[in-house]
Structure formats: structure tokens, C-alpha cells
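Only a predicted model underlies this, so the values are computations on that prediction, with no experimental measurement involved.
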Amino acid sequence: MQALESFDVVLLTETFDEIEQAEFVADVFNVPLMNASLANVKKRNVRIDRSTAKEKYNTYQDILRMTAPELIGLIASHSRFEMELYQHAMKLNAEGIQRWKDEKRLLVEHLLVSNNK
């Protein structure tokens, strides 16, 4: 986990489609975020509405619990360290984005104050 702490940026593949993540990456790596790429991000980030109880709770884990409950514990024990690492990566990603937002907000505030003088 200490190795993750040494990275300037920790990204998660499942958040690549989010506009905020795309803006964060573009800003951190100082690359332009093209309008076309933003349009693609918006199109890919589509959520499926699961409104019925069966749709909400009939997940892969539920299916495993019903058909092979012993596998849940086995999978969990074998992937414990991977899950800890992933949880830590999620935390670092959220903290990095929050720092970026705070820095961006402070920069805008500074520019507004400077322009009003």
C-alpha cells in the first residue's frame, strides 16, 4: 500500500468514463481535453435503471450465494489483499480529486480577486 502513496496520481479504470475524472487527468497531465472526447465520455457513462426489487438485488453475488454459498468465503479469502489494495486506491483517487478541486477553486478565487483590483 505504501507503493500507492508514492504515486502522484492514482486512477481507477471504472471511473475513466466520468467527466470529472477526465478533467482531472487532463489537468494533472497538462493535456487538452477535446470537446469530442468529452462527448464520448458523456455517451459511455450511461446507467441502466433497475427499478424492480428483483433487478436491484439479483446480482452476481446473490446468484453465487444461492447456488454455491461456499464460494463467497473462498473468493473473499483469496482476494482479501487485492480488495484492501483496491479500497486504498479508491481512497487515494478520491483524495487526489478533492485536492485538485480545492486547488482549482483557490486559483479561481485568486484570479477573481486579482481581476477586481
Inter-residue atom distance [X].[atom1] - [Y].[atom2], 0.5 Å rounding:
{"X": "Ile97", "Y": "Glu20", "atom1": "CD1", "atom2": "CD", "result": "5.0 Å"}
{"X": "Met83", "Y": "Leu85", "atom1": "CE", "atom2": "CG", "result": "10.0 Å"}
{"X": "Phe29", "Y": "Asp8", "atom1": "CZ", "atom2": "CG", "result": "8.0 Å"}

Report summary line: In Val25, Asp27, Ile19, the residue satisfying side chain to side chain contact (heavy atoms under 4.5 Å, CB included) with Glu23 is Ile19
Requested in this report: Answer yes or no: does atom CD of Glu109 have more than 12 heavy-atom neighbours from other residues, nucleotides or ligands under 6.0 Å?
Outcome: yes
**Report entry** Atom CG of Asp102: over 12 foreign heavy atoms under 6.0 Å
**Finding:** yes
**Report entry** Same apolar cluster: Leu92 and Met90, side chain cutoff 4.5 Å
**Finding:** no
Query raised in the report: Going through the distances and angles, do Val10 and His88 end up as a side-chain contact (heavy atoms from CB on, under 4.5 Å)?
Result: CA-CA 10 Å; Val10 176; His88 192 62; over 6 Å; no
Query raised in the report: Are Asn93 and Leu11 close enough, and set up right, to give a side-chain contact (heavy atoms from CB on, under 4.5 Å), and what steps lead you there?
Result: CA-CA 6 Å; Asn93 177 262; Leu11 303 173; 4.2 Å; yes
Query raised in the report: Is the shortest distance from a Lys or Arg side-chain nitrogen in Glu103 or Arg99 to a carboxylate oxygen in the other one below 4.0 Å?
Result: no
**Report entry** Nearest atoms (heavy-atom pairs only) where Ala89 meets Leu12
**Finding:** CB-CD2, 4.0 Å
